[in-house]
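Structure first, commentary second.
Note that the structure is predicted; figures quoted are calculated from it, not measured.
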Amino acid sequence: MTTTPVLTPVEPPGQQLHGTLRPRHLTMLAMGGVIGSGLFVGSGAGIALAGPGIVLSFVAAGVLTMLVMRMMAEMAAAFPSSGSFSEHAELAFGPWAGFTIGWLYWVTIVVVLAVESTAAAVIVHGWLPGVPQWLLMLLFMTVFTGVNLTAVGNFGEFEFWFALIKVAAIVGFLVLGLLAILGVLPGKNAGALTGDLLPHGWGGVVAGFVAAVPAFGGLEVVTIAAAESDNPVQAAGRAVRSAVWRISVFYIGSMIVLVSLLPWHDSRLGASPFVAVLEEIGVPGAAQIMNVVVVLALLSALNAGTYAAARMAFSLARRGQAPAALTRISRTGVPYPAVLASTAFGFGGVVLNLLWPQTIFLHLLNAVGTVLLLVWLLVACSQLRLRSRLPEGTPVRMWGHPYLSWLTLAVIVALLGRMSVDHGTRVQLVSSAVLALVVLTAALIRHRRA
């Protein structure tokens, strides 16, 4: 009689992170990592591509995200670890896979940290023109590095309230939008969702789908944080289920409000769609209200991203794939060298912001623009490879396995293929592919030497 091999930890025994995060922390951490400028500002680009069909684009992106996160949650429930999908890839395919996906994710996050702190500094500088932009960026990086150096329970509480403000803002926007659609509030364009619902055809919906998927990036942090909860096995599944459906409702609901209250070709949607709708309804000071919300969204994502990058660096170091110094843990259970290493690029970004404020971060974002899809691709491959090795009592299972798993993988591959033939996204895909090739080459060289 054969038995299913049991997964064994990739990380060697040693000092452990403290399990003090609560379920509400995990849920809000996931939502805080996702709800950012991609929704509040970037959604206008998706509407330009798909018109009202952007609602279908976001539905498809939400379903894809839900399937990927279900696969992540299944593996995290079977083997919770600070390296999450990086360690699962290592279990499935070997050290080269864990090294590649772990470092790709870490590089992406640290670049995004610099971009988020810069974007927040630009907005606040508009309120306080006497304070240099670089000083504001330095202040934000210092504050959130400090928050991440405290006990993880304090970090979780901080992020809970930070993310709650963003959630309240979206709920308020949806309520106002619904009242305007029903005619309770003024809005001369109420009923804009009429006529040709797919002005650019299904090709526009697909283009909107490509634009919508990155907006859901950040949810993966919940499977990383689950390792520091009081019940890691149960926490991953609960937090993923809760966060995914709530975020999908917020995103899809927001798109319905946007295209219902303003014509999809309205030029105001391109600049700041949420501000445009609030002004249409007649909310006084709409631009400043949304600027405050966007700053809070950026800083919340900065906080969550710092946490995720530090834990990934810690996990890589524990597996011998990063400098051993990053494995040190403070008395409060915080991997403080990993936190400092992960925020170092953000502090360096202060200098880059002074030298090339208009170009450097655009190039950096292009370099990591499609890494999220590459991470999801390897997550799907890992789940397909590991499913037969998961313990029978694993509390979270992927729906419709293996059919939905293979479908998810096929959709991700199709998305990458679509990006390769689109001039607007080809640069991002090529830049990210070059970065991935560099990291993979380093992984193979390291593996061969070992």
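For Trp406, the CH2 atom sits in a loose shell: 12 or fewer heavy atoms of surrounding residues, nucleotides or ligands are nearer than 6.0 Å.
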Could you walk me through whether Phe58 and Phe209 pass the ring-ring contact (aromatic ring centres under 6.0 Å, His included) test, one step at a time? CA-CA 6 Å; Phe58 268 83; Phe209 179 35; 9.7 Å; no
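One side chain, Ser315 or Glu87, offers a donor N or O that lies under 3.5 Å from an acceptor on the other. A donor-acceptor pair shorter than 3.5 Å can be found between the side chains of Glu157 and His25.
Looking at Ser260, its side chain never comes within 3.5 Å of a backbone N or O of Val257 through a donor-acceptor pair. Listed for the Thr100 side chain is no donor-acceptor partner under 3.5 Å among the backbone atoms of Ala97. With hydrogens and angles ignored, the 3.5 Å screen pairs no side-chain donor or acceptor of Asn148 with any backbone N or O of Val339. A distance-only check finds a donor-acceptor pair linking the side chain of Ser57 to the backbone of Val205 [under 3.5 Å]. With hydrogens and angles ignored, the 3.5 Å screen pairs a side-chain donor or acceptor of Ser431 with a backbone N or O of Val427.
Note that the CG atom of Leu104 and the CG atom of Leu440 stand 8.5 Å from one another [nearest 0.5 Å].
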Do any side-chain atoms of residues 395-403 form donor-acceptor pairs under 3.5 angstrom with protein atoms, and if so which ones, sequence neighbours left out?
| from | atom 1 | to | atom 2 | distance (Å) |
| --- | --- | --- | --- | --- |
| Arg397 | NH2 | Pro391 | O | 2.8 |
| Arg397 | NH2 | Glu392 | O | 3.4 |
| His401 | ND1 | Gln383 | NE2 | 3.3 |
| His401 | ND1 | Ser405 | OG | 3.1 |

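Using a 4.5 Å heavy-atom threshold, the side chains of Leu373 and Leu415 count as touching.
Proximity of the aromatic rings of His125 and Trp134 is defined here by a centroid distance below 6.0 angstrom, and this criterion is not met. Note: Phe144 and Phe140 fail the aromatic proximity criterion, with ring centroids not under 6.0 Å apart.
Ring-plane geometry between Tyr251 and Phe216 is classed as tilted, the angle between the planes lying from 30 to 60 degrees on a 0 to 90 degree scale. Using cut-offs of 30° and 60° on the angle between ring planes, the pair Trp103 and Phe99 is tilted.
Using a 4.0 Å cut-off between charged side-chain N and carboxylate O, Asp422 and Arg426 make no salt bridge.
Take Ser86 and apply the side-chain contact (heavy atoms from CB on, under 4.5 Å) test, not counting sequence neighbours, and it matches Ile101, Met312, Leu316, Arg319. Among residues two or more places apart in sequence or in another chain, the side-chain hydrogen bond (donor to acceptor under 3.5 Å, both in side chains) test is passed with Glu279 by none.
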